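The next block holds one structure in the form of structure tokens; read it before the comments.
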Amino acid sequence: MSLVLTLSETVSIWDKTLKKLSSSMDAATMQAFFAESYIHSVNGNEIFVVVPTELAVRVIESKYTKLVEDIIYELTQNSFIISYITGDKAKTITQSVNEGEKQFFSDSKIDPRYTLENFVVGPSNREAYQAAVIASREPGKMYNPVLIYGDSGLGKTHLLHAIGNAILKENSNLKVLYVKAHDFLDEYVNYVKSDRDGIGLVAWFKNSVDVLLVDDVQFLASKTKTEEMFFSIYNYLHSSGKQVVITSDRHPSTLNGLDDRLKTRFVSGLPVMVGKPEKTVCESILMKLIDEKGMSINNFDPEVINYFATKFGSNVRELEGAFGKLVFYFQNFTNSKHVDLATAIESVRGLAAGKEDSDSLTEDKIISCVSDYYSLTPNQIIGSSRVAKIALARHISMYLIRTMLDTPFTKMGVKFGGKDHSTVMTAVTKIEEAIKTDKELEKVIQDLKKRING
Ligand code: ADP
Ligand code: MG
């Protein structure tokens with residue numbers, strides 16, 4: 001039975017809580033963060049406490065949440081969730097408390113197709129696989145957060161769902177939430193637009209999530225408000241021992257635009273990389289796919305497996321796509337039961353040709369790589385904003401196009417929204433000069449060149 005408190009009971013419990021708190025922290029801290037706190041309202045098992053400043057909200061949420069909740073548990077023998085708010089937010093909260101609980105992320109689902117059992121393990125992904133096993137056996141106990149990072153198409157999303165599925169199989173009472181960082185952004189923006197106060201979303205997480213799986217966290221970079229919110233949620237979950245697993249397409253230290261505090265948090269648990277799969281891994285994945293289609297490996301020439309593993313093996317998503325084409329071709333255009341190399345090559349001809357096309361280097365490809373890297377849009381890069389980060393990304397793009405494609409300055413000016421050729425030239429020279437002394441910039445450029453070359 002959960003205890004229902006009246007406002008005056010809550011106020012008296014808060015007084016006792018403060019007394020106990022003051023014996024477990026130094027006087028200055030107590031004075032700075034708790035002295036002027038008071039109860040705003042109580043809604044079911046959620047208690048809203050007003051504290052003097054935004055900073056106090058942040059500090060308390062990240063450092064003292066557990067301590068306070070433990071004291072209240074001691075006093076009431078019941079679990080309460082404490083949400084800290086500032087005085088000005090207190091006005092809006094009254095309204096949202098009355099509106100009742102809202103369901104966030106209602107479209108988020110864990111995909112049952114992705115499991116630990118059907119993930120093929122090899123040297124390139126063994127650590128990531130082991131981290132996934134640990135996170136799912138004892139969520140929140142060993143490493144928190146677990147961060148899986150690496151290029152696209154190498155199994156990060158697969159592992160995230162697999163963790164969710166494994167946890168639910170063991171303990172269906174746990175509330176596991178899978179969210180794409182992108183959806184997190186949308187959800188947050190809608191939430192703010194709906195003109196309510198942020199506190200409700202944090203409170204919802206406190207109530208509704210035991211394990212948080214966040215996919216493609218790179219999308220949070222440069223979204224300051226959302227990052228702030230995510231930071232509070234993360235701190236709460238982490239300090240309450242709830243497992244958080246994150247994926248990113250690169251190591252957070254190279255995620256430009258991501259709050260430094262988040263960068264440090266993300267790598268503070270267990271960061272593991274997924275690399276390009278070895279040929280044997282690709283072959284096993286192909287065997288698995290053949291099996292899933294109800295076909296027999298005996299009907300495939302060994303050269304076919306070899307060809308696919310070599311040609312498409314740098315990205316499992318592409319490997320799967322190519323195999324899908326082969327099956328389609330084989331089932332619709334041949335009468336044989338046997339798949340030989342010639343048929344296999346024929347079936348993916350378009351794909352292989354298309355692959356070369358998309359691989360060839362163009363100005364657009366460079367701009368798109370740079371914009372990706374800085375979490376900007378290509379339009380921002382070719383535009384004329386003088387915001388430092390955007391201007392830098394633009395200059396770097398110009399430099400890379402010039403050095404990698406040798407495009408004439410005038411032509412580049414046109415590409416970049418009708419800029420003068422001297423503007424482009426100045427930008428290129430500026431970067432050329434800067435990398436002579438700026439080691440970090442030099443590294444960024446090298447990193448980008450690697451990405452551009454695929
Ligand atoms: P990422 O999130 O890293 O871009 P995904 O997890 O979406 O990649 O993987 C792309 C596809 O490849 C998915 O269908 C996934 O099931 C499959 N895949 C990737 N790695 C493996 C693996 N080691 N074993 C089995 N399937 C894999
Ligand atoms: Mg993914």
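Only this structure's heavy atoms are used, side chains among them; waters, hydrogens and symmetry mates stay out. Atoms within each ligand, like the ligands themselves, are counted from 1 in listed order. What you see is a predicted model, and the numbers here were worked out from it, not measured in a lab.
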>> Taking only non-hydrogen atoms of Lys288, do any sit less than 4.0 angstrom from ligand 1?
In response: yes
> Among protein heavy atoms, which lies nearest atom 4 (O) of ligand 1, and at what distance?
Replying inline: Gly153 N, 2.6 Å
>> Listing by chain and number, which protein N, O or S atoms are under 2.8 Å from the Mg ion (ligand 2)?
In response: Thr157 OG1
> Side chain of Asn315, backbone of Leu154: donor and acceptor closer than 3.5 Å?
Replying inline: no
> If you count the atoms of ligand 1 from 1 in the order shown, which ones are under 4.0 Å from a heavy atom of Asn125?
Replying inline: 23 (N)
> With ring centroids as reference points, do His421 and Phe409 lie under 6.0 angstrom apart?
Replying inline: no
> Which residue holds the protein heavy atom closest to atom 11 (C) of ligand 1, what is that atom called, and what is the gap in Å?
Replying inline: Glu320 OE1, 3.5 Å
> Hey, is the main chain of Arg113 close enough, under 3.5 Å, to the side chain of Asp111 for a donor-acceptor pair?
Replying inline: yes
>> Show the atoms of ligand 1 that are less than 4.0 angstrom away from any heavy atom in Tyr114.
In response: 14 (O), 16 (O)
>> Quick test: of every protein heavy atom, which one is nearest to atom 27 (C) of ligand 1, and how far off is it to 0.1 Å?
In response: Val316 CG1, 3.7 Å
> Which residue and non-hydrogen atom of the protein lie closest to atom 24 (N) of ligand 1, and at what distance in Å?
Replying inline: Val120 N, 2.8 Å
> Heavy-atom contact under 4.0 Å between Asn118 and ligand 1?
Replying inline: yes
> Considering only the protein, which heavy-atom contact is closest to atom 7 (O) of ligand 1, and what is its distance?
Replying inline: Arg317 NH2, 3.0 Å
> Going by the atom numbers of ligand 1, which of them fall below 4.0 Å from some non-hydrogen atom of Ser152?
Replying inline: 4 (O)
>> Give me the residue, atom name and distance of the protein heavy atom closest to atom 15 (C) of ligand 1.
In response: His158 ND1, 3.4 Å
> Hey, does the side chain of Thr407 reach the backbone of Arg402 with a donor-acceptor pair shorter than 3.5 angstrom?
Replying inline: no
> So which heavy atom in the protein is nearest atom 8 (O) of ligand 1, and how far is it from that ligand atom?
Replying inline: Gly155 N, 3.1 Å
> So, does Ser208 use its side chain to make a donor-acceptor pair with the main chain of Trp204 at under 3.5 Å?
Replying inline: yes
> For atom 21 (C) of ligand 1, what's the nearest protein heavy atom and its distance?
Replying inline: Phe119 CE1, 3.7 Å
>> Check the orientation of Phe308 and Phe312. Use parallel for under 30°, tilted for 30 to 60°, and perpendicular for over 60°.
In response: tilted
> Is Val121 in polar range of ligand 1, meaning some N or O pair under 3.5 Å apart?
Replying inline: no
> Angle class for the Phe333/Phe328 ring planes (parallel below 30°, perpendicular above 60°, tilted otherwise)?
Replying inline: perpendicular
> Can you tell me how far the CG atom of Asp291 sits from the CD1 atom of Ile297, to the nearest 0.5 Å?
Replying inline: 9.5 Å
>> So which atom in Ile82 and which in Glu69 form the shortest heavy-atom distance, rounded to 0.1 Å?
In response: N-OE2, 3.1 Å
> Ring centres of Phe230 and Phe184 under 6.0 Å apart?
Replying inline: yes
>> Are more than 12 heavy atoms, taken from residues, nucleotides or ligands other than Tyr143, located less than 6.0 Å from that residue's OH atom?
In response: no
> Atoms of ligand 1 less than 4.0 Å from Leu154 heavy atoms?
Replying inline: 1 (P), 3 (O), 8 (O), 19 (C), 20 (N)
> Aromatic rings Phe219 and His182: how do their planes relate, parallel, tilted or perpendicular, breaks at 30° and 60°?
Replying inline: perpendicular
> If you look only at pairs with a residue in residues 240-250, which of them pass as a salt bridge (charged side-chain N to carboxylate O under 4.0 Å, His left out), with sequence neighbours excluded?
Replying inline: Asp210-Lys242
> Taking non-hydrogen atoms only, is Thr247 closer than 4.0 angstrom to ligand 1 via side chain, backbone, both or neither?
Replying inline: neither
> Does NZ or CZ of Arg261 fall inside the cone over Phe231's six-membered ring, less than 6.0 Å from its centre and within 45° of the axis?
Replying inline: yes
